[in-house]
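Notes to accompany the following structure.
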Amino acid sequence: MRIVMLGAPGAGKGTQAKKIAAKYQIPHISTGDIFRANIKNGTELGKKAKTYMDQGLLVPDELTCDLVVDRIGQPDAVNGYVLDGFPRTIPQAECLTQALAKLGSKIDYAIDVDVPDENIVNRMGGRRACVKCGATYHVVYAAPKQEGICDTCGEKLILRDDDKPETVQKRLDVYHAQTQPLIDYYSGQGVLKSVDGTKGLEEVFDQITAILEA
Ligand code: AMP
């Protein structure tokens with residue numbers, strides 16, 4: 001099962017991607033997580049990516065595509081994966097389609113988690129991330145057991161720089177200009193499925209499992 005998650009930043013696609021990965025025993029591949037791990041480890045890739053991320057801009061395609069093609073070629077991805085945050089541009093989608101075609105495979109589902117912009121702005125301000133393991137929470141919709149502390153590793157939770165209000169609007173603009181066209185791209189491939197992302201976390205997940213098990 002090869003899945004691409006689509007949707008605006010803050011639509012909840014990361015949370016749903018993790019749930020899909022756990023239920024169907026496939027790796028969750030998040031380019032945002034890969035870049036953040038590189039920033040934390042001080043790699044060259046991390047240094048380059050950070051300058052774009054902090055401004056709410058996309059990391060250039062040439063730094064992104066090979067990284068994902070390499071990752072989906074790893075042994076744990078043979079039975080599928082859920083891609084979260086990739087592709088984010090038409091050239092990235094084309095790069096993925098071509099890499100898969102060489103292996104005789106293709107994306108089975110592109111799941112669009114649909115949430116209007118006005119809901120997004122409200123949601124992002126409440127988002128919190130663990131400085132250590134990257135787990136994400138929301139102060140209202142997915143609160144940690146203890147305020148400000150990660151359930152998994154006990155570390156402090158922070159508001160990521162790219163979730164700050166001034167960056168959120170920029171990220172939404174970038175989403176509409178560069179990422180939303182992927183909805184038509186995957187619709188053209190006959191694999192697009194939309195779910196109503198304004199519903200609660202479990203309800204959205206039920207919509208997704210119904211699609212994957214239809
Ligand atoms: P995310 O955690 O998916 O919201 O990603 C956080 C940030 O990482 C984005 O705002 C981009 O700056 C960068 N990023 C993640 N995935 C990609 C991608 N596929 N292409 C370009 N930039 C990306």
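What you see below is based on every heavy atom in this structure, not just the backbone, and it leaves out hydrogens, waters and symmetry mates. One-based numbering, in listed order, for ligands and for the atoms of each.
Within the 3.5 Å criterion, the main-chain N or O of Gly56 finds no donor-acceptor partner in the side chain of Asp162. The backbone N or O of Tyr185 lies less than 3.5 Å from no partner atom in the side chain of Gln189, so there is not a single donor-acceptor pair.
In this structure, Val4 and Leu96 have side chains that are in contact, with non-hydrogen atoms separated by less than 4.5 Å. At a threshold of 4.5 Å between non-hydrogen side-chain atoms, the residues Ile111 and Leu212 count as touching.
For atom 19 (N) of ligand 1, the nearest non-hydrogen atom of the protein is Gly85 O, 2.8 Å. For atom 21 (C) of ligand 1, the nearest non-hydrogen atom of the protein is Val59 O, 3.1 Å. Nearest to atom 20 (N) of ligand 1 among the protein's heavy atoms is Gln92 NE2, 2.9 Å. Closest protein heavy atom to atom 11 (C) of ligand 1: Leu57 O, 3.6 Å. The protein atom (non-hydrogen) at minimum distance from atom 23 (C) of ligand 1 is Phe35 CE1, 3.8 Å. Shortest contact from atom 16 (N) of ligand 1 to any protein heavy atom: Thr31 OG1, 2.7 Å. For atom 4 (O) of ligand 1, the nearest non-hydrogen atom of the protein is Arg171 NH2, 2.7 Å.
The shortest non-hydrogen separation linking Asp206 to Thr209 is O-OG1, 3.1 Å.
An N or O contact shorter than 3.5 Å links Arg36 to ligand 1 by distance.
Side-chain contact, Asn122 with Glu118: no donor N or O sits under 3.5 Å from an acceptor N or O. With 3.5 Å as the limit, one finds no donor-acceptor pair spanning the side chains of Asn119 and Thr198. A side-chain N or O of Glu213 and one of Tyr24 form a donor-acceptor pair less than 3.5 Å apart.
Environment of OH in Tyr52: sparse, with no more than 12 heavy atoms of neighbouring residues, nucleotides or ligands closer than 6.0 Å.
With a 4.0 Å cut-off on non-hydrogen atoms, Lys50 does not touch ligand 1 at all. Of all the heavy atoms of Thr64, the ones lying under 4.0 Å from any atom of ligand 1 belong exclusively to the side chain.
When each atom of ligand 1 is checked for a heavy atom of Arg160 under 4.0 Å away, the hits are 2 (O), 4 (O). Set against the non-hydrogen atoms of Gly32, the atoms of ligand 1 under 4.0 Å away are 2 (O), 5 (O), 15 (C), 16 (N). Close approach to Phe86 involves these atoms of ligand 1, each under 4.0 Å from a residue heavy atom: 19 (N). Near Met53, with a cut-off below 4.0 Å to any heavy atom, the atoms of ligand 1 are 7 (C), 8 (O), 12 (O), 13 (C).
Of the options Arg127, Arg88, Met124, the smallest heavy-atom separation from atom 9 (C) of ligand 1 is shown by Arg88.
Residue contact check for ligand 1: Lys13 places no non-hydrogen atom closer than 4.0 Å to it.
Identified under the ring pair (Phe, Tyr, Trp, His ring centres under 6.0 Å) test for residues 132-178, with sequence neighbours left out: His138-Tyr141.
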